[in-house]
Each structure stands twice: as C-alpha cells, then as structure tokens.
Amino acid sequence: MTSQVEQKKSFFSNLTVQILIAMVFGAILGIYIHNNFDTEFAKNFSDKIKILATIFIRLVQMIIAPLVITTLVVGIAKLGDIKSVGRIGGKAMGWFFTASFISLLIGLFWVNILEPGVGLNLTDVDVSTAVEVTDKTKSFSAQNFVEHIIPKSIFEALATNEILQIVIFSIFFGLAAASIGDHAKPVVKVLDVISHIILKMVNYVMKFAPIGVFGAIAGVFAIRDLQELLLTYAKFFGSFLVGISSLWIVLLLVGYLFLKSHMTTLLKRILSPLIIAFGTTSSEAVFPKLTEELERFGVKDKIVSFMLPLGYSFNLDGSMMYMTFASIFIAQAYGVPLDLGTQMTMLLVLMLTSKGIAGVPRASLVVVAATCGMFDIPIEGIALILPIDHFCDMFRSATNVLGNALATSVVGKWEKES
C-alpha cells in the first residue's frame, strides 16, 4: 500500500506530467470562460492569466544570457584551440544549413501539393490586424540584419538577450582565453563555477513551468473559439499539420540513422522541454532546461554550450518549414502566380534572411512579410494567417526544440568518435 502511494507521488511529481495536467486544466478553464462570459470579461481574464506565462518566460530569460556566455566561453576554452572550434563550427553550420534547406523544401512541397490558399474567400479579412507585423518589415534591411548579428556592446546584448550577439562575443572571448593558456585558467574556472550555479537555478525556475503553461493555455482558449477557428482554417491548418508531421518524420528518421537506439533515450530526455515549448509557444523558454537534459543524455558540456546557442539562431527547422508554407499560401490566396524558379529563389532568400533573427518577436511572420514584399505578394496577406498563427506556433516551437536537440546530439556523437 505504501509503495503504491509513493508511486503516485513520484508520478505526479514528474515535471512532464505536471505540465500535461496544467495544459488540460488551462484548456478547460479557458474554454469555460469563453463559453460562459462576455468578450470583454474573457479579454480581461486572458490578459491577467497570461501574466503567469509572462512570469515564467521572464524567469527563463533572466538566466539565458549569463548561461550562454559562461557555458560557451568555458566550452571554447576547454576545446583548446581555433582548429577545434573551426571543426565543430563547420560540422554545426553544415548540419544547420542542410536541415534548414530540407525544412524549407518540405514546406514548399506540401503547399504546392495541397494548395490550401487556392479559392480562399478574402472578403472578411481584416488587414488592420497585420499592421504590427508589416511595420516591422519597413526596417528589414541588410544593414539592420548585420546590426542584429554583430554586437556594438556586450552589455547591450546581455540586457536585450540577443543570443547571436552574445554567441559572437563569447566565441572571441573563449578563443582569446584559450590562446593565453594557463594565465586565463582562473577566469575560466570562475565562469565554470558560475555556469553550474546558473544550471542549479534552472531547477528552481522549472518548478514554475506548469504554472506558466497553465496561464498561457488558459489565456489563449479564453479569447479564441477553437472550433470556429479550426473550421475556418481547416484546410490551412490541416495542410500545415501534414507538413510539420512530415518534417518530424524526417528528423526522427535522421536521428535514428545517426544515434540508433540512443534516439529513444534522447526523446525521453527532451519530452519535458518539448511540451513546455509547445505550451508556451517559446523555444527560448526551454533553452536552459534543454542544456541540462542534453548533458544528462551524454553530450559533452563543451559541445552543448557551443551548439545550442548557435542552433537557436541558425537552426529553427519548424519556423523554416512554416515560412515557405505561409509565403506561398498567401500568394495562392491572392492569385499571384509563382513558377518553380521563382519559388526556389524565394526559398534561398528565406534561407538567408531568416538567420540570426531568433530574438525578434514574431520572427517567422516578419520574415514572411518581408519576403512577400520582395516578390510582389500583398504583405497585408499576413492578416490571413494571424488568427491561427498561435496554434501553428505551438508546433513550430516544439519542432525547433527537437531539431536543435538532434543537431547537438549528432555533432556530439561525431566529436566523440573523431
């Protein structure tokens, strides 16, 4: 009898189980509020309950910058030389660009096969909802792209959680520390201790994950009529799910190809981060937890600390698949003809413009809007996908986490064998 009670306690103390329960109760509460109260009350409720999700995400954001800079500098210093950094960096970028290209191709393939935008009724579309996104595309230029990647101040980058800028500073700092040798060891040791303290903080912060997921799910369901949304966007959302499922199948097959039976262990390890990303629509929210789980899986800390920050800027597989899918969907809806050559050009443009914008709010939509503008597709078409975008983002975020976990694990295995 006692052992059964202990098993039940153990079951409910599992973070993954707690998050799943929080998602269910959040959905039930949100649907109840939506169905039994007026729109104004539901909106106020949504705004207030989402504060729980905001608290959790801000707690995570609080530790991302120090975690990236300490682990990455220590990781590079442990690698020892520029040759090692170049070797791992080359493998990483090779994987990232290949994965991105395949993700874009999958989106391109399914949107052309299923044609979710053909024959769509555009009379009820409120284009004013797209103003927030289209305004951001006005500053979308090569200069801004470079400014977003290269830091002018590490303190500014730390304050704004610009992961790619922090990565670039950390790489230079780590390489400099490695080249100095023994003189830099006291600094590296201090940063190593700090990184372990921050990873301990991760355990405390993750206790808030179920509360954050509960708030995020309840807030969305309170103001969204899911049944009506899915009926209106059945073809678009259904086609998107086919595309994202295909991408998952490809990622899992590649994972089993490289990791063999260890792939099952990896999936068990990253289940909790996957669910958190799905519930909060933020792959950034699981960065610290994913770091911890990948090290537990057996990937060396120096590989994890190098790969994950890069992956969060260059390897967003779910977002990449969505970008081609959404761009061509809008073209189909407005009857803009795009031959295969134009579509492949669009794919390459997306490949380049999407890199290094992980910290930009609604980054996928901004890139889609900017790309539409380059190919004379109405930018206001973004309003077509905004109502359903949150639910698409849940799947995108989880896919991004899977892609980065897989990339880090595979490169870690290659390094172990080399």
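Below, each value reflects all heavy atoms present in this structure, side chains not excepted, and no hydrogens, waters or symmetry copies. Model, not experiment: these values are computed from the prediction. Starting from 1, each residue takes its place in the sequence as its number.
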Is any side-chain heavy atom of Val349 closer than 4.5 Å to a side-chain heavy atom of Met374? yes
Counting C-beta onward and ignoring hydrogens, is there a side-chain heavy-atom pair between Arg224 and Pro387 closer than 4.5 Å? yes
Pair Glu415 + Lys91, salt bridge at N-O below 4.0 Å: yes
Applying side-chain contact (heavy atoms from CB on, under 4.5 Å), can you list everything that pairs with Thr70, at least two apart in sequence or on another chain? Leu191, Ile194, Ser195, Ile198
Asn400 side chain to Gly318 backbone, donor-acceptor under 3.5 Å: yes
I'd like to know whether CZ of Phe173 has more than 12 heavy-atom contacts from other residues, nucleotides or ligands below 6.0 angstrom. no
Are Trp110 and Ser246 close enough that a side-chain donor and a side-chain acceptor fall under 3.5 Å? yes
Contacts under 3.5 angstrom, residues 253-263 side chains, donor-acceptor by atom type, not counting sequence neighbours:
from: Tyr256; atom 1: OH; to: Thr264; atom 2: OG1; distance (Å): 3.3
from: Lys260; atom 1: NZ; to: Leu257; atom 2: O; distance (Å): 2.9

Side chains of Tyr334 and Asp376 only: does a donor on one sit below 3.5 Å from an acceptor on the other? no
Cys392 and Phe236, any side-chain heavy atoms less than 4.5 Å apart: yes
Tell me whether Thr71 contacts the main-chain N or O of Ser305 through its side chain, where contact means a donor paired with an acceptor under 3.5 Å. no
Can you confirm whether Phe278 sits close enough to Phe395 that some side-chain heavy atom of one is under 4.5 Å from a side-chain heavy atom of the other? yes
Below 3.5 Å, can you tabulate the donor-acceptor pairs from side chains in residues 339-348 to any protein atom, sequence neighbours excluded?
from: Asp339; atom 1: OD1; to: Gly341; atom 2: N; distance (Å): 3.2
from: Asp339; atom 1: OD1; to: Thr342; atom 2: N; distance (Å): 2.7
from: Asp339; atom 1: OD1; to: Thr342; atom 2: OG1; distance (Å): 2.7
from: Gln343; atom 1: OE1; to: Asn112; atom 2: ND2; distance (Å): 2.7
from: Gln343; atom 1: NE2; to: Asn112; atom 2: OD1; distance (Å): 3.3
from: Gln343; atom 1: NE2; to: Leu338; atom 2: O; distance (Å): 3.1
from: Thr345; atom 1: OG1; to: Gly341; atom 2: O; distance (Å): 2.8

